[in-house]
A.B. asks: 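I'd like to ask you about the structure that follows.
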Amino acid sequence: MVRDAEKLLIIGGSDAGISAALKAKELKPQLRVQVLLADEYPNLSICGLPYAVSGEVPNWHSLAHRDLQELTSTGVEFQMNMIAKKIDPQQHEVIAHSFAGELQIYHYDHLVVATGAKPKLSGITGIDLARTQQQNSKVRVLHTMADYFALETNLTTNSVQNVAIVGSGYIGIEMAEALQKRHLNVTIFQRGAEILSTVDADLGQIVHQKLVANDVQVATNLTVSEINETETKVKVVGVNADQKINTYDFDLALVVVGVQPNTDLLVAAGSKTGIAGAVKVDQYMQTTLPDIWAAGDLVETKHHLLGKAYLPLGTTAHKQGRTAGFNVAGVPRTFKSSIGTQVLKVFDLVVARTGLLAKEAIQADFAPFTVTTDVDDHKAYFPGAHKIKIRITGDQHTGRLLGVQVIGYYGSEVAKRCDIFAVAIFNNMTVAEISDLDLSYSPPVGSPWDAVQIATQNWEQQSLKY
């Protein structure tokens, strides 16, 4: 009797799921790899949706990291529009159903769960996720291709002119720019004192000013507590710091206040969870259930400085999925860690961060010392030089680099300069050791001491005074 081929089943076809599928199939070609997709859009860059909305990416099909033909040419199989409903770890089975309700049972030898995250709507009455997905809704989220298509349907009607964005993180700010590029009146709401809470407030203020300069209204210190739809309008109800209730009318509201791990399948199967309710995995991305791995926005992340964290980032999901694929194929590989490196473009401004903010370093029992340096992005005598603001946080006692924030002009290599610091943190370097790095130099693009080294030398000098 010929035994069926060893089978890897993957639930989810975005960053982590596809990375796991491709790596496992590459390393073990005889492995049968099957991916269950809740829609029919595998390997699309959801992070790119704001640029499809703005029109900077004119065709949403271009958002595919790889098209279906390229994916299937590797031998990976796809089951589209198939929703997983239950995992049976004892029987090594997954029960799923199609959109038409037809049940299907899939057997696996190895299972990778990559169901990602789902939008947060908690604390806002009057809406729920199911309502945002209805065709006639004037309240939207932006997390899937279905969300994008629904939003586009709203935006192509002549009745939408005034749009509310609830949430001022990365997606909220990117969408504010995208909708402004479509000549809409945009108001962005933030419950805290300043937008973009992933950086220090004064850097968030620079982003705030950039939005206002580009005709985006910004309302801070206002917590949206309720959103109600009428036949013609969306009423957004907010409470300010003085507990005064304010009501605003819009044609459309986009709610992007964050995400939470989509763990229902694994929790029901008995998997253990940790921080933020995310699934616990070991360094090989294996869950507490036999022969089941998990990767991406549904799992706890090993953080290089904090130990454990919940960090739903696309870059992390790709790495974790790849790690799971290695181990499923029998090639031991560990997920080393994340340090939360992130970057955002806002009109002609770029802001990036890596590692810890000073307040986060204090909570992690470091002794942070922070210095901010304004430095030219290249030699000032060559035309077109712009100032970059580099904020370095290092440990006062050991000199170890803990975190960096960088903000500057689009074209000043803000992201790549932040990446130098990310590599340094990952390798436990001190602030002083960055001056020893052999970095490239030419007057149009840098200086003999690069901007990152001038900033670290300033930190050294200032730290000696304390």
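The basis for the numbers below is simple: all heavy atoms, side chains too, and nothing from hydrogens, waters or symmetry mates. Position 1 is the first residue of the sequence, and the numbers go up from there.
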A.B. asks: Could you give me the CA-CA distance, side-chain angles and deciding distance for Q104 and S98, then say whether side-chain hydrogen bond (donor to acceptor under 3.5 Å, both in side chains) is met?
C.D. replies: CA-CA 8 Å; Q104 181 73 42; S98 67; over 6 Å; no
A.B. asks: Can a salt bridge be assigned to the pair E413 and K416 using a cut-off of 4.0 Å between side-chain N and carboxylate O?
C.D. replies: no
A.B. asks: Below 4.5 Å, heavy atoms only, C-beta onward: do T341 and T315 meet side chain to side chain?
C.D. replies: no
A.B. asks: Report yes or no: do Q79 and Y106 form a side-chain donor-acceptor pair below 3.5 Å?
C.D. replies: yes
A.B. asks: Tell me whether Y410 at atom OH has more than 12 heavy atoms from other residues, nucleotides or ligands lying less than 6.0 Å away.
C.D. replies: no
A.B. asks: Under a 3.5 Å distance rule, please check whether S137 uses its side chain to pair with a backbone N or O of Q134 as donor and acceptor.
C.D. replies: no
A.B. asks: Only pairs at least two apart or in different chains count here, so list each ring-ring contact (aromatic ring centres under 6.0 Å, His included) that has a residue in residues 275-313.
C.D. replies: H110-W293, H304-F426
A.B. asks: Could you walk me through whether S225 and T223 pass the side-chain hydrogen bond (donor to acceptor under 3.5 Å, both in side chains) test, one step at a time?
C.D. replies: CA-CA 6 Å; S225 59; T223 300; over 6 Å; no
A.B. asks: May I ask you to test the K235-Y248 pair for a side-chain heavy-atom distance under 4.5 Å?
C.D. replies: no
A.B. asks: Side-chain donor-acceptor pairs under 3.5 Å in residues 251-266, sequence neighbours left out?
C.D. replies:
| from | atom 1 | to | atom 2 | distance (Å) |
| --- | --- | --- | --- | --- |
| D251 | OD1 | K233 | NZ | 2.9 |
| D251 | OD2 | Q161 | N | 2.8 |
| D251 | OD2 | N162 | N | 2.8 |
| N262 | ND2 | T115 | O | 3.3 |
| D264 | OD2 | K118 | NZ | 3.3 |

A.B. asks: For R32, is there an ion pair with D109 - N to carboxylate O distance below 4.0 angstrom?
C.D. replies: no
A.B. asks: Apply side-chain contact (heavy atoms from CB on, under 4.5 Å) to D377 and Y409, showing your working.
C.D. replies: CA-CA 9 Å; D377 61 356; Y409 181 74; 5.5 Å; no
A.B. asks: Locate the shortest heavy-atom distance separating E70 from S73; write the atom from each residue and the value.
C.D. replies: O-OG, 2.6 Å
A.B. asks: Is it the case that the side chains of D147 and T144 hold a donor-acceptor pair, with the cut-off being a distance below 3.5 Å and no angle test?
C.D. replies: yes
A.B. asks: Name the atoms and distances for all side-chain donor-acceptor pairs under 3.5 Å in residues 173-182, with sequence neighbours left out.
C.D. replies:
| from | atom 1 | to | atom 2 | distance (Å) |
| --- | --- | --- | --- | --- |
| E174 | OE2 | Y51 | OH | 3.3 |
| E177 | OE1 | F347 | N | 2.8 |
| E177 | OE2 | K345 | NZ | 3.1 |
| E177 | OE2 | F347 | N | 3.4 |
| Q180 | NE2 | N214 | O | 3.4 |
| R182 | NH1 | V53 | O | 3.0 |
| R182 | NH1 | E152 | OE1 | 3.3 |
| R182 | NH1 | E152 | OE2 | 2.7 |

A.B. asks: Can you see whether N221 engages R191 through a side-chain donor-acceptor pair at a distance of less than 3.5 angstrom?
C.D. replies: no
A.B. asks: For a side chain to side chain contact (heavy atoms under 4.5 Å, CB included) with V113, tell me which candidate from I292, V279, L9 qualifies.
C.D. replies: I292
A.B. asks: Does H92 offer a backbone N or O that forms a donor-acceptor pair with the side chain of D88 under 3.5 Å?
C.D. replies: no
A.B. asks: What I want to find out is whether R131 reaches D128 closely enough, with some N-O distance under 4.0 Å, to be called a salt bridge.
C.D. replies: no
A.B. asks: Of R353, R391, K359, which meets salt bridge (Lys or Arg N to Asp or Glu O under 4.0 Å) against D200?
C.D. replies: R391
A.B. asks: What I want to check is whether the side chains of H97 and E102 have a donor and an acceptor closer together than 3.5 Å.
C.D. replies: no
A.B. asks: Does any donor atom in the side chain of T334 or Q283 lie under 3.5 Å from an acceptor atom in the other side chain?
C.D. replies: no
A.B. asks: Find out whether L344 and V346 are in side-chain contact, i.e. whether some heavy atom of one side chain is under 4.5 Å from a heavy atom of the other.
C.D. replies: yes
A.B. asks: Answer yes or no: are there more than 12 heavy-atom neighbours, outside Q135 itself, under 6.0 Å from its atom CD?
C.D. replies: no
A.B. asks: Would you confirm whether T288, through its side chain, and K272, through its main-chain N or O, come within 3.5 Å as a donor-acceptor pair?
C.D. replies: yes
A.B. asks: Taking all non-hydrogen atoms of both residues, which atom of G126 and which atom of N228 are closest, and how far apart?
C.D. replies: CA-OD1, 3.9 Å
A.B. asks: Where do A364 and L306 come nearest, in terms of heavy atoms and distance?
C.D. replies: CB-CD2, 3.7 Å
